[in-house]
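Here's the structure we're looking at; comments come further down.
Model, not experiment: these values are computed from the prediction.
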There are 2 protein chains.
Amino acid sequence: MSDSPPSLDPVQLGTYFDLIEVTSLLRHAVEQQLRETGDLSYVQFQLLARLGDSPTGSHRMTDLADGVVYSRSGLTYQAGLLEKAALVVRAPSSDDERSVTVTITDAGRTLLAKVLPGHIEVVRGLLFEPLSHDDVKALASLLAPVRDHMRSAPPRSAAPRRRKGDA
Amino acid sequence: MSDSPPSLDPVQLGTYFDLIEVTSLLRHAVEQQLRETGDLSYVQFQLLARLGDSPTGSHRMTDLADGVVYSRSGLTYQAGLLEKAALVVRAPSSDDERSVTVTITDAGRTLLAKVLPGHIEVVRGLLFEPLSHDDVKALASLLAPVRDHMRSAPPRSAAPRRRKGDA
DNA sequence: TATTGTTATACTCTATAACTATA
DNA sequence: TATAGTTATAGAGTATAACAATA
């Protein structure tokens, strides 16, 4: 199948390990803060944040699923939890009766506002404290192409159901 | 408590989001590969990899827990699964009868060897493809201080039971 | 026929607390 | 008394497949 060298060079390997370690620790710390402060999981926070960022406070289920969650049923589950907590409202979309539009409520915005400062403080204290402004810029400029590459080359993850063309 | 500005600057925020997105996608892709190729979760792979890296092929449970897993019972669970799959053996430590020494088996090493090439290929194809060697070095030099900082400042995560001094 | 979303179900993983045994 | 590990248990999260409704 392939005869390329089957290993990463030591720098790559160490970088990969550091990346995994750093984000695991960061994720863990942030999840704890979100749970304590707002009784939110990270996925739930991401959903609320996306809705809060939207000019309308709304998104279709599919758009949310494509960004945050990996399966549709998973999103239905999470949206159900958020709706039960009155942080979100679901309603049939006006233009496409199949779609469901999710909208953040005032309570959702309030909770988001309550949770955000601590969230940011954790991120700053853990991730950014040892980095200068120039370091952050450098990091950003390294991550951007990786992000774009990953977005453009869905390895074979995602594919919640079956996307566009497919054998 | 604190009157520091309650938000990250746009560059920091974008960097944080990119970091989360990149590692989420990478993690997801890698987990899928591990599951398909070796029926391993990422945690299980990490445990096997740690044991395989050790000169003796062994580690104490506690040492494994401190690096990979966040609760002791979680490690017991995972070690139990690995042992049931004959990838690992557990035995009381010779020097400290309270401790349990986990050792990777030949089958464990075989599985590790089977899984590693694909693992590395996913990491290279997804993470390193858009980065030059200098980019990787730069990324490594940015992640290292963050990693050290996080290790030295356990925010209040981990603490599986109760560490050294504690109120 | 394809797409959107939900439901039922099953499974994996994680964490807390109670417990045993050794240092 | 503190440390190492296990167990029981409970809960959160995820994915697959079958389903209903609209385009």
Side-chain angles (χ1 to χ4, degrees), chain A residues 24 27-28 31-32 34-36 38-47 59-66 68-85 88-102 156-166, chain B residues 24 27-28 31-32 34-36 39-47 58-66 68-85 88-102 156-166:
Chain A
S24 292
R27 178 76 170 248
H28 202 255
E31 281 181 342
Q32 191 163 312
L34 290 173
R35 182 64 68 191
E36 288 172 356
D39 197 39
L40 288 174
S41 72
Y42 195 72
V43 169
Q44 289 157 11
F45 168 74
Q46 281 180 302
L47 293 173
H59 276 301
R60 295 189 316 147
M61 291 288 283
T62 294
D63 300 333
L64 289 175
D66 284 353
V68 173
V69 168
Y70 294 107
S71 72
R72 288 161 182 281
S73 63
L75 177 57
T76 296
Y77 172 74
Q78 294 294 346
L81 291 183
L82 291 176
E83 188 168 48
K84 203 184 303 175
V88 136
V89 172
R90 278 183 289 185
S93 301
S94 46
D95 51 323
D96 185 337
E97 286 287 327
R98 293 173 303 182
S99 292
V100 167
T101 297
V102 187
R156 68 194 57 87
S157 329
R161 191 167 287 178
R162 190 66 59 98
R163 244 29 193 147
K164 299 231 156 174
D166 219 337
Chain B
S24 293
R27 179 77 169 247
H28 201 256
E31 282 181 343
Q32 190 164 313
L34 290 173
R35 182 63 69 191
E36 286 173 358
D39 199 35
L40 288 174
S41 72
Y42 194 73
V43 169
Q44 289 158 9
F45 168 75
Q46 280 181 301
L47 293 172
S58 299
H59 276 301
R60 297 188 316 145
M61 289 288 282
T62 294
D63 302 332
L64 289 175
D66 285 353
V68 173
V69 168
Y70 294 107
S71 75
R72 289 161 182 282
S73 63
L75 177 57
T76 297
Y77 171 74
Q78 293 295 345
L81 291 182
L82 291 176
E83 190 169 47
K84 203 183 305 175
V88 137
V89 171
R90 277 182 291 184
S93 302
S94 46
D95 52 324
D96 185 338
E97 287 286 326
R98 295 173 302 182
S99 291
V100 167
T101 296
V102 187
R156 69 194 54 88
S157 325
R161 192 167 287 180
R162 189 69 57 101
R163 245 27 194 148
K164 300 230 156 172
D166 219 337

My understanding is that only residues two or more places apart in sequence, or in another chain, count here; which of them pass side-chain hydrogen bond (donor to acceptor under 3.5 Å, both in side chains) with [X]?
X	answer
A:Tyr77	none
B:Glu83	B:Arg90
B:Thr76	none
B:Gln46	none

[N] [atom2] sits how many Å from [X] [atom1], rounded?
X	N	atom1	atom2	answer
A:Phe45	D:dG13	CZ	P	15 Å
A:Tyr42	C:dT14	OH	P	18 Å
B:Leu64	D:dT6	CG	P	11 Å
A:Gln32	D:dA12	CD	P	16 Å
B:Arg60	D:dT3	CZ	C1'	10 Å
B:Asp39	C:dT12	CG	P	9 Å
B:Tyr77	D:dA4	OH	P	24 Å
A:Leu82	D:dA12	CG	C1'	14 Å

- Of the options A:Val102, A:Leu40, A:Val88, A:Leu64, which is the one that meets A:Leu47 in a side-chain contact (heavy atoms from CB on, under 4.5 Å)?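 In the set A:Val102, A:Leu40, A:Val88, A:Leu64, the residue that makes a side-chain contact (heavy atoms from CB on, under 4.5 Å) with A:Leu47 is A:Leu64.
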- Check for a donor-acceptor pair, side chain of B:Gln44 on one end and backbone N or O of B:Ser41 on the other, with a separation under 3.5 Å.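 Answer holds: yes.
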- Task: Name every residue in residues 89-97 of chain B that has at least one heavy atom under 4.0 Å from any atom of DNA chain D, in order of residue number, or write none if there are no such residues.
- Result: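 Hits under 4.0 Å, by residue number: B:Arg90.
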Go through [options] for me and flag the one nearest to the [X] side chain.
X	options	result
A:Met61	D:dA15, C:dT16, C:dG5	C:dG5
B:Arg72	D:dG13, D:dA4, C:dT14	D:dA4
B:Arg35	D:dT14, C:dA15, C:dC13	C:dC13
B:Thr76	C:dT14, C:dT6, D:dT6	D:dT6
B:Ser73	D:dT14, C:dT16, D:dT6	C:dT16
B:Arg98	C:dC13, C:dA23, C:dT6	C:dA23

- Message: Does B:Gln44 reach a base, just sugar-phosphate, or nothing at all? Heavy atoms under 4.0 Å.
- Response: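 Sugar-phosphate only.
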- Task: Name the nucleic acid region contacted by B:Leu81, choosing base, sugar-phosphate or nothing; use a 4.0 angstrom heavy-atom cut-off, strictly under.
- Result: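 Since only primed, P, OP1 and OP2 atoms lie under 4.0 Å of B:Leu81, the category is sugar-phosphate.
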- Query: Would one find a side-chain N or O of A:Gln78 under 4.0 angstrom from OP1 or OP2 of D:dA12?
  - Reply: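 No, no such contact exists.
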- Query: Taking OP1 and OP2 of D:dA4, is either one under 4.0 Å from a side-chain nitrogen or oxygen of B:His59?
  - Reply: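 It does not, given that no N or O in the side chain of B:His59 lies less than 4.0 Å from OP1 or OP2 of D:dA4.
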- Taking the side chain as every heavy atom from C-beta outward, state whether B:Arg98 and B:Ser93 have any pair of such atoms under 4.5 Å apart.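 No - every pair of side-chain heavy atoms lies 4.5 Å or more apart.
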- Message: Going by the rule ring-ring contact (aromatic ring centres under 6.0 Å, His included), which residues pair with B:Tyr42 if we only count those two or more places apart in sequence or in a different chain?
- Response: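 For B:Tyr42, no residue satisfies ring-ring contact (aromatic ring centres under 6.0 Å, His included) once neighbours in sequence are set aside.
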- Message: Once hydrogens and angles are ignored, does a donor-acceptor distance under 3.5 Å link the base of D:dA4 to the side chain of B:Ser99?
- Response: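 No.
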